2 protein chains.
Amino acid sequence: MERHFGLNDRPLPEPTVARLPIYLRIAEEAVRSGATTISSDELAGLAGINAAKVRKDLSLLGSLGTRGTGYDAAQLAGVIDGILGAELDWPVVIAGVGKLGRALINARGFLTGGYHLVGLVDVNSSVIGEQIGEHIVSSFEQLSASLRNPPKIGVITTPDHSAQAAAESLIALGAHSLLNFAPKVLDVPEGVRVRYVDLSIELQILSYHAAREATSEPVGLLATVGVEADQLRPTPWAEAPGVSP
Amino acid sequence: MERHFGLNDRPLPEPTVARLPIYLRIAEEAVRSGATTISSDELAGLAGINAAKVRKDLSLLGSLGTRGTGYDAAQLAGVIDGILGAELDWPVVIAGVGKLGRALINARGFLTGGYHLVGLVDVNSSVIGEQIGEHIVSSFEQLSASLRNPPKIGVITTPDHSAQAAAESLIALGAHSLLNFAPKVLDVPEGVRVRYVDLSIELQILSYHAAREATSEPVGLLATVGVEADQLRPTPWAEAPGVSP
DNA sequence: ACGTGTGAACTAATTCACAGCA
DNA sequence: TGCTGTGAATTAGTTCACACGT
């Protein structure tokens, strides 16, 4: 598995990594709208951040820009795509076929690019066998028997009390990266990466700020991101690639 | 509207704000499980971060702990709850009753505490009039006529091409804070706060790291958070309060 | 002129390490 | 002895400002 670091030796700063998907979206959008080139200023405006940050971020990927002109939108998209690994093949299994699981399965924009669903599992026998889109919900045993290659990413959309069991099953299937939507801290072996997404926290953060909105502070565009546990890195930003139900 | 700052004068650092909901969950959980007291070490372990950070964060809220003992779990929960404004009343309107909207409406844990749904709107006449839980989907006009008080928070779960219109309607209803799940940058007037949540970005961040997993780095628990656009602040962390479909 | 790339300055956040109270 | 609270040190990230290519 190829290693992508910055231009040099070092890995990219987490905040930069978190912004890359945003730049990618904007660059792709620019290409679609016929632009061949895009400047750090434009990128910054659309991302809701400042241009210096954009340039600093992109300079870590190499000298992609042309002075006086800007960045080649298509090339930029390609480079970011490569770095994010989106051009590789990322088989995904979703565990938990409840409302949220279904929403993600059907969301345009969630499973795009290199991410594709290879399995849908649940422990509830009333949904096992159900067909959703092109997939049939199976038990872990069934999926385990039928999968040729292990999934790279496991998505947990079970109720919280089942999350740990789901995690263990996904890990047993071979997943080393988990995206957990359940409000539960997972106990996973060394080497397994977990990313937590907590939607209710967003409301709490919003209301914290709203409660002191009186002091009308500048309001910026936002970015959305899950954070790396240990080294909590946030993601600044605007233009969220998203879930469109 | 009361102003909550740290102990002193200054507002809390964004990363701290993003961690508070996590501490809150853990403290509440501790209370439920019968513990009266919880230490920064325990908090840290459950949150997937280190104890110094926990103590620094909590010290900004006041001298809540007792040396040699730890923090009073119930008191801690109460204080954080107050700071996050969760004990206040936060009327929420959800715009866009597609799969994701329905998932959020039904998710345990999304609309809890002081957050409660006061309206469900959509532009699609085929869903207007539909009853979902205790609410009936209405048009913006209908809702506008029937709402007594403006919603404080608007949640956008429409397709991306409708997001801007939804935002404008929500703002017209009186919402000053928006939580946008659509992959679209919103153009909003000064004073309106937008928080973007992009679920597909999570996959991209996971795969970026997975692609260089070869170098087995330490794997931490993660935190999930949307970020404040301008000042991009991430959220470190583990134990995500979540969406359980 | 224009806009990138980047060292330098600055600001923010994390982590250390320990004094001090229960 | 145990664990908080917190200054000090460190590390990370952002922003400035300008030299340099086109």
Side-chain angles (χ1 to χ4, degrees), chain A residues 6-8 10-20 23 35-45 47-73 75-76 79 220 223 225 227-237, chain B residues 6-8 10-20 23 36-45 47-73 75-76 79 218 220 223 225 227-237:
Chain A
L7 252 200
N8 331 304
R10 305 231 305 278
L12 300 171
E14 269 294 315
T16 297
V17 172
R19 285 188 291 265
L20 291 182
Y23 300 146
T36 62
T37 190
I38 188 167
S39 70
S40 59
D41 251 334
E42 297 173 285
L43 248 346
I49 60 181
N50 75 47
K53 207 183 289 180
V54 171
R55 289 200 300 276
K56 182 71 95 181
D57 283 341
L58 298 185
S59 75
L60 296 172
L61 313 182
S63 283
L64 301 171
T66 306
R67 290 161 201 238
T69 307
Y71 302 86
D72 180 281
Q75 181 199 16
L76 180 60
V79 169
V225 164
V227 177
E228 288 298 320
D230 256 20
Q231 40 183 56
L232 322 171
R233 225 78 300 271
T235 296
W237 158 236
Chain B
L7 252 200
N8 332 305
R10 305 232 304 280
L12 300 171
E14 270 292 318
T16 297
V17 172
R19 284 187 292 265
L20 291 182
Y23 301 146
T36 62
T37 192
I38 189 167
S39 71
S40 60
D41 251 335
E42 297 173 284
L43 247 347
I49 60 180
N50 75 46
K53 206 183 291 182
V54 172
R55 291 201 298 278
K56 181 72 94 181
D57 283 341
L58 298 184
S59 75
L60 296 173
L61 313 182
S63 282
L64 301 171
T66 306
R67 288 157 203 245
T69 307
Y71 302 86
D72 179 282
Q75 181 199 15
L76 181 60
V79 169
V225 164
V227 178
E228 287 299 321
D230 256 19
Q231 38 182 59
L232 322 169
R233 225 76 303 274
T235 296
W237 165 238

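Quantities reported herein were computed from a predicted structural model and do not represent experimental measurements. The sequence lines fix the lettering, A, B, ..., with proteins before strands; numbering per chain opens at 1.
Every side-chain contact (heavy atoms from CB on, under 4.5 Å) that Ser39(B) has, sequence neighbours left out, goes to Asp41(B), Glu42(B). Under the rule for a side-chain contact (heavy atoms from CB on, under 4.5 Å), Thr36(B) has no partner lying at least two apart in sequence or in another chain. In terms of the side-chain contact (heavy atoms from CB on, under 4.5 Å) criterion, residue partners of Thr69(B) (sequence neighbours excluded) are, by chain and number, Thr37(B), Thr66(B).
The interatomic distance linking Leu60(A) (CG) with dG5(C) (P) rounds to 11 Å, in whole Å. Rounded to whole angstrom, the span from the CG atom of Asp57(B) across to the C1' atom of dT14(C) amounts to 10 Å. The separation between Lys56(B) atom NZ and dA13(C) atom C1' is 10 Å, rounded to whole Å. Distance Leu43(A) CG to dG5(C) C1': 15 Å, rounded to the nearest Å. One atom, CG of Leu61(A), and another, P of dT4(C), lie 14 Å apart when rounded to the nearest Å. At whole-Å resolution of the value, CG in Leu76(A) and P in dG3(C) are 16 Å apart. Distance, Asn50(A) CG to dG13(D) C1': 12 Å, rounded to whole Å. Between Ile49(B) atom CD1 and dT14(C) atom P the separation is 9 Å, expressed in whole Å.
Leu43(A) contributes atom CG, which lies 6.0 Å from atom CG of Leu58(A) (distance to the nearest 0.5 angstrom). Note that OG of Ser40(B) and CG of Asn50(B) are 9.5 Å apart. Values are rounded to the nearest 0.5 Å.
Contact of the Arg19(B) side chain with the Tyr23(B) side chain is registered, since non-hydrogen atoms from C-beta on lie closer than 4.5 Å. Within the 4.5 Å cutoff, the side chain of Asp72(B) has no heavy atoms near those of the Ile38(B) side chain. Taking 4.5 Å as the limit, every side-chain heavy atom of Leu64(A) sits out of range of all side-chain heavy atoms of Ser59(A). At least one side-chain heavy atom of Leu20(B) sits under 4.5 Å from a side-chain heavy atom of Leu12(B).
Set against dG5(D), dG5(C), dG13(D), the side chain of Ser63(A) has dG5(C) as its closest nucleotide.
The phosphate of dG5(C) has OP1 or OP2 within less than 4.0 Å of a side-chain N or O from Tyr71(A). Here Ser39(B) does not reach the OP1 or OP2 of dC3(D): none of its side-chain N or O atoms lies under 4.0 Å away. Close to dT15(C), at under 4.0 Å from its OP1 or OP2, lies a side-chain N or O of Lys53(B).
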Close N/O contacts between protein and nucleotides 18-22 of chain C (under 3.5 Å):
residue	atom	partner	partner atom	Å
dG20(C)	N3	Arg67(B)	NH1	3.2

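Across all strands shown, Asp41(B) has no heavy atoms under 4.0 Å from either base or sugar-phosphate atoms. Residue contacts shown for Leu58(A) are absent, as no nucleic acid heavy atom lies under 4.0 Å away.
Each end of the helix from dA1(C)-dT22(D) to dA22(C)-dT1(D) gets its own axis from five base pairs, and the two axes differ in direction by 10°, given to 10 degrees.
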